[in-house]
Enquirer: 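Below is one structure. I have some questions about it.
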Amino acid sequence: MAELSKAYEPQLVEDKWYDFWLKQNCFTANPKSAKPAYSIVIPPPNVTGMLHMGHVLNNTIQDILARKARMDGKEVLWLPGTDHAGIATQVMVEKQLKKEEKKTRHDLGREEFLKRVWLWKEKHGDIIINQLKKLGSSCDWTRERFTMDPDYSRCVQKVFVELYKKGLIYRGKRMVNWCPVSQTALSDEEVEMKAQKGFMYHFKVEVAELPGTWLTIATTRPETIPGDTAVAVNPKDPRYTHLIGKHIVRPLPAELPREQKLIPIIGDEHVDFEFGTGVLKVTPAHDKADFDIGTRHKLPLIEVIHADGSMNDLTGADLRGLDRFKARKVAVEKLTEQEALVEAKPYENNVGYSQRADVPIEPRLSEQWFLKYPAVEPSKACVADGRMKFHPDRWAKVYDHWLTNIQDWCISRQLWWGHRIPVWSCVQKKNLPNGPQPHHFANLINLDFSLDDLMVVRISDGVVFSGKEFSTNGENISGEEFNFVLCGDYSEEEAKLLESDHFGFKRDSDVLDTWFSSWLWPFATMGWPEQTETLKKFYPTTDLVTGPDIIFFWVARMIMAGYEFMGEPQFGLPDALPFQNVYFTGIIRDKQGRKMSKTLGNSPDPIELITKYGADALRFGTMRGAPLGQDVMFDEKDVELGRNFCNKLWNACRFRQMQGGEVQGEIHPALLTNDDKWILLKLDAAIRELDTAFAAYKFSDATAALYRFFWNEYCDWYVEASKAVFYGTDDALKANTLAVIDFILSHTLRLFHPFIPFISEELWHGMGFSTDMPEDQGGQTIMYAHWPKPFDADFTAHYGLEACWLDIVNAKYEFVTQGRNLRREGNIPANKKVKFQFKPAAEPTPHDQEVLKILLNAESLEVVAADFQPRKGTPTLRGAIGELFMPLEGLIDVAAEKARLQKEIEKFDSEILKVEQKLANPNFTTKVPAAVLEDHRNRLIEWQAKREHARAALNALEG
RNA sequence: GCGCGGUUAGCUCAGUGGUAGAGCAUUACCUUGACACGGUAGGGGUCACAGGUUCGAACCCUGUAUCGCGCACCA
């Protein structure tokens, strides 16, 4: 290959290899493959979205898993795609419309508006996909899916119809979480409770039947007084029992005649007499709890707030038209004017906020579609009994708790962008065959309708009729006029016919919650409901990687959908788990610990980081700082670390390249130096560490192990020691060392590949490691090279890799460190070569002598005889492998060196004392495991030896 | 209120009972023939606090403090 440049330049490398992988179809999953399957579905990012640090973390982990699985010989499917993200996308397009054309979506109309959304999607929808590619994501792009794809939409529709027919989906008029800004209902999960500072207002009302008797009511929402239809007290509250059944005079709207302002005092157990004044105003149309009270007592409902959060006409002259918060202030003023206000004290309470629009939710009565969750029990059980594993497992408890307490899911949204609810209705006149009747369109439009497929529902109370309610000539004989409701997974063509003037059906105008489509993601993306090759091969998926913030929104619902729709016998899946493992990432925060957000502007643009440092650097840095289960404090320094590391890897390969010689020559056991054996043993340990880390999904451990092995073991010691060989003249030894280096590097690059795919691929080819490999096992790409295995017994025996070599070489390196320390204490500049004298404890090999010389930056290393005595005052080091003397060449600070040795001796003293005390304790010596006892004894000997060495060095300085 | 997580070096974090670790920052020296995105050697920690268990606790137990998160909430 061409000579490597001095510094690694990712921009010259990354796009090139990504294009290569794509062209060679490296990411494409083959369902016909005989290899075992490994699959992941991507958590689909919003189609409107931009890549943020959360995506980086999440997708890097998925890519690591996918690439590792390929190297493990699996057939890998990582299935990508995007989510249509109902509200977010609609809001974005509406904003643009407002900005560019000063129009609202209503100005355009539904059809035209949706055209705009699709245009927007076509234009911007692939931004985030391209960003994922920049990151190196090895997704099978040939299978990219979008939740609004026609196929996918049919899945959503089919699912709705099935659940409807099972009676799990129903329509009802309920209190829902209403977002006045987005003007749609939201599910409970989309409501965020926030502490809010406000006031608790106490106001008094007169009991109508007992003039002069007043009740004081506490409320935080005086603006809803016009909607009050009762006040409630606890029937057991002695202060108020005698008043139940009487009435009070509601103070607002002020202008109403007194008789229209009378509302009853009722008794209800819900009222807590400790709280407030023990008197509760009941606003059934604007509060969930009040609605329940209202139902129990058959209270009238008075709606006083419009959908947009402004007050309606029923609130009277003072409040009408005002925004609800402005109205609150005015209501307080009015109460004050009436001398009804008793006090207003500062008060903090929790208020539900719309997660999307960040405004307080308005509980509102409206007609919505709800889903009774299916397959709840098996979904709970599979996690509880450990068949599906959560990492970290504490999320299992959170999941279980949620599933134990779930309420029906409000799935309809008053939006335009999304899957429209597949329900059509038209009014059926009583006893008149004037409208379209079931058998009519069965005949007329030649569709294969049968009456059993038609769900006929009377909206008023939800009673389901059967087709028998019609006479044979299509007459409605049910005795009353009702809505004829069709729910079916009709094709677009069929729907058009239904909506034609001839039939006059109108489709429900609402769309479904986005999550009602994404909960089908693991199988709807694989061709369901057909029993496709892909489904057969890759479903259930292996791993899911996602954030814990969507554990309820998405993970739990996917599990339920998996059981409900994939548990069927035709799929031959006894266990319908949609995935086997769920990895929950941490949340990425900024340096101050704040969640990354657009509004705070504290989220760095990952693409800028990639441009500046490279995708590998971003990946490696992010993974190193993201321990399992912990939030991540993001710091650009981490990415810098990643870049530095890549550069180190690059230059280590460059060093190898500069030595020339044959690539991947044969390693001769007889020629192995102890340094060779040491680094081979370290490589084996690193492989084992990586396997352990992968098994536990501990990617930060894996990157830390790689970092340590490559930088601190390979580069710092082995490469430096190898210079002793390369600067020498023994060609056989040089060739053998090159072979060892190539062995280490070719293994290391493979270990690195899942984490830093680009640079590892570049070097894999650049170093020539791909040349002798089979095409499908590394010849074409490192992606399919085999993942390194720990050394087996034969290998270890053949190369003589006994564990004792670690100790032997460690002693040598420790000696070097201490020798360098001697230089430093002697104020020898780093670039100055020094003459050392070495008195070895045992006959040293020429290789070891040469290694010591080079690592100590010695001009010479004179081996002296056992009876050699240096001049008094010569700085001396004693270690396990012998003694080192540094004959004085200049002034050395004897006092400082003595102080240092003194301090060292004190440290040794205290360590020795600690161990001695332990060993002197019979409780210790009798109870402790033999290995630990042995450790302590050895440690004592070591410390004592070190102390002796230090004392000797100190002695040598004296005089 | 219930549940979960954190508290270890200046900062960000590892560390599941037996010698307190990493990266960054910092100090000193060094551009030597892979790399200054670098090298070498240092300095720096009563492991939040208090009890308990144990021969031995950063680690296990109990409690406290504090920060963060989730769920549920009383107007």
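Just so we're clear, the structure is a prediction, and the values are computed from it rather than from any experiment. Just so we're on the same page: letters track the sequence lines, and every chain starts at 1.
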Enquirer: What N/O pairs connect the protein and nucleotides 1-5 of chain B at under 3.5 Å? Give each pair on its own line.
Expert:
unit_1: B/G3; atom_1: O3'; unit_2: A/K397; atom_2: NZ; d: 3.2
unit_1: B/C4; atom_1: OP1; unit_2: A/K397; atom_2: NZ; d: 3.0

Enquirer: How far, in whole Å, is B/G45 from B/A14 if one measures between their C1' atoms?
Expert: 15 Å

Enquirer: Please report the distance, rounded to the nearest Å, between CG in A/L57 and P in B/C13.
Expert: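 Those two atoms, CG and P, are 14 Å apart.
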
Enquirer: Backbone N or O of A/L738 within a donor-acceptor pair of the A/Q659 side chain at under 3.5 Å?
Expert: no

Enquirer: Who pairs with A/F752 by ring pair (Phe, Tyr, Trp, His ring centres under 6.0 Å), at least two apart in sequence or on another chain?
Expert: A/F645, A/F710

Enquirer: So does A/D290 get a backbone contact from the side chain of A/D287, meaning a donor-acceptor N/O pair under 3.5 Å?
Expert: yes

Enquirer: Whole-Å distance between B/U54 P and A/N923 CG?
Expert: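 Rounding to the nearest Å, CG of A/N923 and P of B/U54 are 11 Å apart.
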
Enquirer: Looking at every strand, decide which applies to A/Y347 at a 4.0 Å heavy-atom threshold: base, sugar-phosphate, or nothing.
Expert: sugar-phosphate

Enquirer: Applying side chain to side chain contact (heavy atoms under 4.5 Å, CB included), can you list everything that pairs with A/V271, at least two apart in sequence or on another chain?
Expert: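 In terms of side chain to side chain contact (heavy atoms under 4.5 Å, CB included), with neighbours along the sequence ignored, A/V271 is linked to A/A232, A/N234, A/L280.
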
Enquirer: Determine the stems involving RNA chain B; a stem requires 3 or more consecutive pairs of the Watson-Crick or G-U wobble kind, each with both distances below 3.5 Å, and the answer is none if no such run exists.
Expert: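 So far as stems of 3 or more pairs are concerned, RNA chain B shows B:1-7 with B:65-71, B:10-13 with B:21-24, B:26-30 with B:38-42, B:48-52 with B:60-64.
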
Enquirer: For residues 903-925 of chain A, which residue pairs qualify under ring-ring contact (aromatic ring centres under 6.0 Å, His included), counting only residues two or more places apart or in two chains?
Expert: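 Residue pairs passing ring-ring contact (aromatic ring centres under 6.0 Å, His included), neighbours aside: A/F908-A/W943, A/F924-A/H936.
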
Enquirer: Rounding to an integer number of angstrom, what distance separates B/C74 and B/G23 when you compare their C1' atoms?
Expert: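 After rounding to an integer number of Å, I get 50 Å for this pair.
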
Enquirer: In whole angstrom, give me the gap between the C1' atoms of B/U19 and B/G56.
Expert: 13 Å

Enquirer: Using atom P of each nucleotide, how far apart are B/C47 and B/G10 to the nearest Å?
Expert: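 After rounding to an integer number of Å, I get 13 Å for this pair.
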
Enquirer: Given atom CZ of A/F273 and atom P of B/A75, what is their separation to the nearest angstrom?
Expert: 18 Å

Enquirer: A/E814: what forms a side chain to side chain contact (heavy atoms under 4.5 Å, CB included) with it, not counting sequence neighbours?
Expert: A/Q818, A/K946

Enquirer: Does the gap between the ring centers of A/W717 and A/Y813 come in under 6.0 Å?
Expert: yes

Enquirer: Testing A/F584, A/F390, A/F552, A/W554 for ring-ring contact (aromatic ring centres under 6.0 Å, His included) with A/Y399, which one passes?
Expert: A/F390

Enquirer: Would a distance-only check, ignoring hydrogens and angles, find a side-chain to backbone donor-acceptor pair under 3.5 Å from A/N405 to A/H401?
Expert: yes

Enquirer: From B/U12, B/A75, B/G15, pick the nucleotide closest to the side chain of A/K698?
Expert: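 Taking heavy atoms from C-beta onward, the closest nucleotide is B/G15.
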
Enquirer: Does anything in residues 899-917 of chain A reach RNA chain B, meaning a heavy atom under 4.0 Å, and if so which residues?
Expert: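 Hits under 4.0 Å, by residue number: A/K914.
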
Enquirer: Please give the distance between the C1' atoms of B/U66 and B/U26 as a whole number of Å.
Expert: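 Taking atom C1' in both B/U66 and B/U26, they lie 29 Å apart.
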
Enquirer: Answer yes or no: does atom CZ of A/R937 have more than 12 heavy-atom neighbours from other residues, nucleotides or ligands under 6.0 Å?
Expert: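 No, CZ of A/R937 has 12 or fewer neighbouring heavy atoms, counting only those of other groups under 6.0 Å.
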
Enquirer: Starting at CZ of A/F924 and ending at P of B/U54, how long is that distance when rounded to a whole Å?
Expert: 17 Å

Enquirer: Could I get the full list of side chain to side chain contact (heavy atoms under 4.5 Å, CB included) partners for A/D935, not counting sequence neighbours?
Expert: none

Enquirer: Classify the nucleic acid contact of A/N350 as base, sugar-phosphate or nothing, counting any heavy atom under 4.0 Å across all strands shown.
Expert: base

Enquirer: Taking B/U16 as the reference, what is the distance to B/U54 when you measure between their P atoms (whole Å, please)?
Expert: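 Those two atoms are separated by 23 Å.
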
Enquirer: How close or far is atom P of B/U19 from atom CG of A/L919, stated in whole angstroms?
Expert: 13 Å

Enquirer: For A/R624, what residues pass the salt bridge (charged side-chain N to carboxylate O under 4.0 Å, His left out) criterion, not counting sequence neighbours?
Expert: none

Enquirer: Separation of A/I551 atom CD1 from B/C71 atom P, in whole Å?
Expert: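 For the pair A/I551 CD1 and B/C71 P, the rounded distance is 11 Å.
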
Enquirer: Which residues satisfy the side chain to side chain contact (heavy atoms under 4.5 Å, CB included) test with A/E713, sequence neighbours excluded?
Expert: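 So A/E713 forms a side chain to side chain contact (heavy atoms under 4.5 Å, CB included) with A/W678, A/I679, A/K682, A/R708, A/F709.
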
Enquirer: Classify every nucleotide of nucleotides 34-39 of chain B by which part a protein heavy atom approaches to under 4.0 Å, writing B for the base, S for the sugar-phosphate alone and - for neither, in 5'-to-3' order.
Expert: BBSBSB

Enquirer: Quick check, are the ring centers of A/Y583 and A/H391 under 6.0 angstrom apart?
Expert: no

Enquirer: Sticking with atom P, work out how far B/U62 lies from B/A25, rounded to a whole angstrom.
Expert: 41 Å

Enquirer: Give the rounded distance in Å between these two atoms: CG of A/L628 and C1' of B/G6.
Expert: 15 Å

Enquirer: Among the candidates B/A14, B/U19, B/G42, find the nucleotide nearest to the side-chain atoms of A/E942.
Expert: B/U19

Enquirer: Residues in side chain to side chain donor-acceptor pair (under 3.5 Å) with A/T404, at least two apart?
Expert: A/K380

Enquirer: Take the protein atom CZ of A/F275 and the nucleotide atom C1' of B/C74, then report the distance between them rounded to whole Å.
Expert: 4 Å

Enquirer: Take atom C1' in B/A22 and the same atom in B/A9, then report the distance between them in whole Å.
Expert: 11 Å

